[in-house]
Visitor: 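First the structure, which I've put down as structure tokens, then a few questions once you've had a look.
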2 protein chains.
Amino acid sequence: MWISRKTDYATRAVLALAIADGQRLNAQDLSRRVAVPDAFMKQILMQLRDAGVVRSERGPSGGYRLNHDPADITLERIVRIFQGQLAPIECATRHEPQPCSMEIGCSLRTVWAEVRDATIAILERTDFATLAAQSGGSWVPVGLTTKPYTV
Amino acid sequence: MWISRKTDYATRAVLALAIADGQRLNAQDLSRRVAVPDAFMKQILMQLRDAGVVRSERGPSGGYRLNHDPADITLERIVRIFQGQLAPIECATRHEPQPCSMEIGCSLRTVWAEVRDATIAILERTDFATLAAQSGGSWVPVGLTTKPYTV
DNA sequence: ATAAAGGAGACTAGGTTGGTCATATATGTG
DNA sequence: CACATATATGACCAACCTAGTCTCCTTTAT
């Protein structure tokens, strides 16, 4: 349970935008599709914009759209923006691992590194074009409406 | 970075006991080897005892030892005691996954499940006999002593 | 002008993490 | 029996993090 709600919402927002296929969606619309308070959605969209994942347009009929081809946006990218390091423990990060108090001979480190690599491999090979395709272009936000949003 | 310090300390304590190869070690001794405050080490050892991983003996020359063959103790077991679910997100736990607000068509769930399965696979195949062997029977707790503890 | 959108940032309730501390109980040794 | 050395139990706590909210400001289509 190490993916925060914020990361969860962010990945879902990006998925929503990928499904929208270049269409511009505003914060309120996205917050409804992702089922998250819209003030919080805005905060998340700011972070995604600062990271270059989405671009925004202001004024009435403004909103957000993806800044790249969904096929070029990996899940790994989004998760890193909100969670930072993907290693399960500090002594096993790829860059500047923290020396642990029993570094020498600590065989646990190797295992954590395996977990890290397996995780990164999966997240890196997952892109949002594929995810959008797998979602079939629609979903039902449970409890909000019975009518599926469609592209 | 989802392994808590407590889990980290616990796995290291179990590794220390596995390396000690059946010898009884007391809380203070273990706390020095793991490099953690001994009051905290005690708390962790209680949890390990309640979970049946170690057994304790009271009185002078008391202490803790592993309750099973190190080869029968997996890393997965220890991590679960302190962290519970291993899925990265609530909608992807093996038992009673939380329905998410966009369950239908949410292709992200599949990816999180892949991460969960990869993680569990690694932790399940890792046992403490192997870890102890890989540690070579000694380690140096950095900054505490320059003399490696040996079995 | 006005309304609808994004932008920026301060603020916060409540939970979790990473412990400490005090006190009680058990037991081997002389 | 006394005593020292262990474990046993549980209350307590500071600091940080999570998951938000709230307010006010700027941009822009009509």
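By convention in this document, chain letters (A, B, ...) are assigned in the order of the sequence lines, proteins followed by strands, and residues within each chain are numbered from 1.
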Visitor: To the nearest Å, how far apart are Ile44(A) CD1 and dT21(D) C1'?
Guide: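 Value for this atom pair: 13 Å.
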Visitor: In this structure, how many angstroms lie between the P atom of dT18(D) and the CD1 atom of Ile3(A), rounded?
Guide: 12 Å
Visitor: In whole Å, what is the span from the CZ atom of Arg5(A) to the C1' atom of dG14(C)?
Guide: 13 Å
Visitor: For the pair made of CE in Met41(B) and P in dC21(C), what is the distance, rounded to whole Å?
Guide: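 After rounding, the gap between these two atoms is 18 Å.
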Visitor: Check this for me, if you would: do Glu114(B) and Arg109(B) make a salt bridge, where the nitrogen-to-carboxylate-oxygen distance has to be below 4.0 angstrom?
Guide: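 Salt bridge: no.
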Visitor: Is it the case that Gln85(B) and Thr93(B) place a side-chain donor and acceptor less than 3.5 Å from each other?
Guide: no
Visitor: Starting from P on dG19(C), measure out to CG on Asp8(B) and report it in whole angstrom.
Guide: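 So the CG-P distance, Asp8(B) to dG19(C), works out to 11 Å.
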Visitor: Donor-acceptor pairs under 3.5 angstrom involving side-chain atoms of residues 70-79 of chain A: please list them, not counting sequence neighbours.
Guide:
residue, atom, partner, partner atom, Å
Thr74(A), OG1, Arg77(A), N, 3.1
Glu76(A), OE2, Arg80(A), NE, 2.6
Arg77(A), NH2, Ala51(A), O, 2.9

Visitor: What is the per-nucleotide protein-contact pattern of nucleotides 6-15 of chain D, from the 5' end, where B denotes a base atom under 4.0 Å from a protein heavy atom, S denotes such proximity for sugar-phosphate atoms only, and - denotes neither?
Guide: SBSS------
Visitor: Atom CZ of Arg12(B) to atom P of dG18(C): distance rounded to whole Å?
Guide: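 Nearest whole value for this atom pair: 12 Å.
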Visitor: Rounded to the nearest angstrom, tell me the gap between atom CG in Asp29(A) and atom P in dA5(C).
Guide: 10 Å
Visitor: Does Tyr9(B) place a side-chain N or O at less than 4.0 Å from the phosphate oxygens OP1/OP2 of dG19(C)?
Guide: yes
Visitor: What is the distance, to the nearest angstrom, from the CG atom on Leu48(A) to the P atom on dG6(C)?
Guide: 14 Å
Visitor: Under 4.0 Å between a side-chain nitrogen and a carboxylate oxygen: does that hold for Arg94(B) and Asp117(B)?
Guide: yes
Visitor: Who pairs with Lys6(B) by side-chain contact (heavy atoms from CB on, under 4.5 Å), at least two apart in sequence or on another chain?
Guide: Ser4(B), Phe40(B), Gln43(B), Ile44(B), Gln47(B), Phe82(B)
Visitor: Would you mind checking if Asp8(B) and Arg5(B) are paired as a salt bridge, meaning a charged N to carboxylate O distance below 4.0 Å?
Guide: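 The answer is no: the pair does not qualify as a salt bridge.
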